[in-house]
Amino acid sequence: MEKIDDLDRHILEIISRNARIPFKDVAAECGVSRAAIHQRVQRMIDLNIIIGSGYYVNPKSLGYKTCTYIGVKLEKGSMYKDVVPEFEKIPEIVECHFTTGPYSMLVKLYAKDNEHLMDLLNNKIQEIKGVTETETLISLDQRFVREIPIRSANTK
């Protein structure tokens, strides 16, 4: 991955706080032209430094009251090639990670309630060929979500 400089970091700090901020405002805060901001942001998108933007929808507002993390054990680690496409077919699964430790994978999903969660576990996830075991951890409440620090402690 290509290195980013202090101006890139400053731009990232600003737009990560407010993705809807106009480039003219970012330019004013950074002391450069709007065109420079546009070029820098586009370059960071092209380099996969910026990997998304948009709105975050509160799942509870759509009726999904239960946030769950599920540790998944596979029959063989290599079976992830078959399991991931099956996970992608389950819209309630919003994240999928390969992990070290006791699980081959960790998924995050939202369910409308415990009955919906049980249906997802018993009739979808545990029915996938290669899934041998799951462990479910229900999030009781989320306190915060944040991006990693953009500037290191020794930069201003």
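Predicted, not measured: the structure shown is a model, and the values here were computed from it.
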Check: Quick one: does Cys30's side chain get under 4.5 Å of Ile14's, heavy atoms only?
Finding: yes

Check: Are Asp8 and Lys3 within salt-bridge range, i.e. N to O under 4.0 Å?
Finding: no

Notebook entry, point to check: Hey, any chance Leu120 and Leu106 share a hydrophobic cluster, counting ILVMFWY side chains that come within less than 4.5 Å of each other, even indirectly?
Noted result: no

Note to self: Would you say that His116 contacts Asp113 through its side chain, given a criterion of any heavy-atom pair below 4.5 Å between the two side chains?
What the structure shows: yes

Notebook entry, point to check: Sequence neighbours excluded, which residues qualify as side chain to side chain contact (heavy atoms under 4.5 Å, CB included) partners of Ile138?
Noted result: Thr66, Thr68, Asn114, Leu117, Thr136

Check: Would a 4.5 Å heavy-atom cut-off, applied to side chains only, mark Leu12 and Ile49 as touching?
Finding: yes

Item checked: Heavy-atom pair of closest approach, residues Leu109 and Ile93 -> CB-CA, 3.8 Å

Check: How far does SG of Cys67 sit from CG of Leu140, to the nearest 0.5 angstrom?
Finding: 10.0 Å

Notebook entry, point to check: Is any NZ, NE, NH1 or NH2 atom of the basic residue among Arg17 and Glu29 found under 4.0 Å from an Asp or Glu carboxylate oxygen of the other?
Noted result: yes

Checklist line | Donor-acceptor contact below 3.5 Å, side chain Arg9 vs main chain Ile150 | finding: yes

Item checked: Non-hydrogen side-chain atoms of Lys129 and Glu86 separated by less than 4.5 Å -> no

Margin query: Membership question, hydrophobic clusters at under 4.5 Å side-chain separation (ILVMFWY): are Leu47 and Ile15 in the same one?
Written below: yes

Check: Taking the side chain as C-beta and beyond, is there a heavy-atom pair between Val145 and Gln142 under 4.5 Å?
Finding: yes

Check: For the atom pair CD (Glu133) and CG (Leu74), what is the distance rounded to the nearest 0.5 Å?
Finding: 11.0 Å

Next item on the list: Please determine, by modelled atom types, if Glu127 and Asn123 share a side-chain donor-acceptor pair under 3.5 angstrom.
Entry: no

Notebook entry, point to check: What do you reckon, is CD of Glu147 surrounded by more than 12 foreign heavy atoms closer than 6.0 Å?
Noted result: no

Next item on the list: May I ask whether Ile125 and Met118 are part of the same hydrophobic cluster, defined by side-chain heavy atoms of I, L, V, M, F, W, Y residues being less than 4.5 angstrom apart, directly or through others?
Entry: no

Next item on the list: Using the rule that two of Ile, Leu, Val, Met, Phe, Trp, Tyr join whenever any of their side-chain heavy atoms come within less than 4.5 Å, decide whether Phe98 and Leu137 are in one cluster.
Entry: no

Checklist line | Sidechain N-carboxylate O distance under 4.0 Å for Arg143, Asp141 | finding: yes

Check: CG/Asp82 to CZ/Phe87 distance, rounded to the nearest 0.5 angstrom?
Finding: 11.5 Å

Check: Can you tell me how far CD1 of Ile11 sits from OG of Ser16, rounded to the nearest 0.5 angstrom?
Finding: 12.0 Å

Margin query: Run the side chain to side chain contact (heavy atoms under 4.5 Å, CB included) test against Asn18 and tell me which residues pass, sequence neighbours left out.
Written below: Arg20, Ile21

Next item on the list: Identify the heavy atoms of Cys96 and Met105 that sit nearest to each other, and give their distance.
Entry: SG-CE, 3.3 Å

Item checked: From His97 atom NE2 to Tyr69 atom OH, the distance as rounded to the nearest 0.5 Å -> 8.0 Å

Item checked: Linked hydrophobic residues, Tyr64 as query - side chain contacts closer than 4.5 Å -> Tyr56, Val57, Leu62, Val94, Tyr110

Check: If you measure from NZ on Lys108 to OG on Ser139, what distance do you get to the nearest 0.5 Å?
Finding: 7.5 Å

Note to self: I'd like to know if Arg40 pairs up with Asp5 as an ion pair, taking the criterion as any Lys NZ or Arg NE/NH1/NH2 lying under 4.0 Å from an Asp or Glu carboxylate oxygen.
What the structure shows: yes

Check: Is the side chain of Thr134 donor-acceptor paired with the backbone N or O of Ile70 at a distance under 3.5 Å, no angle test?
Finding: no

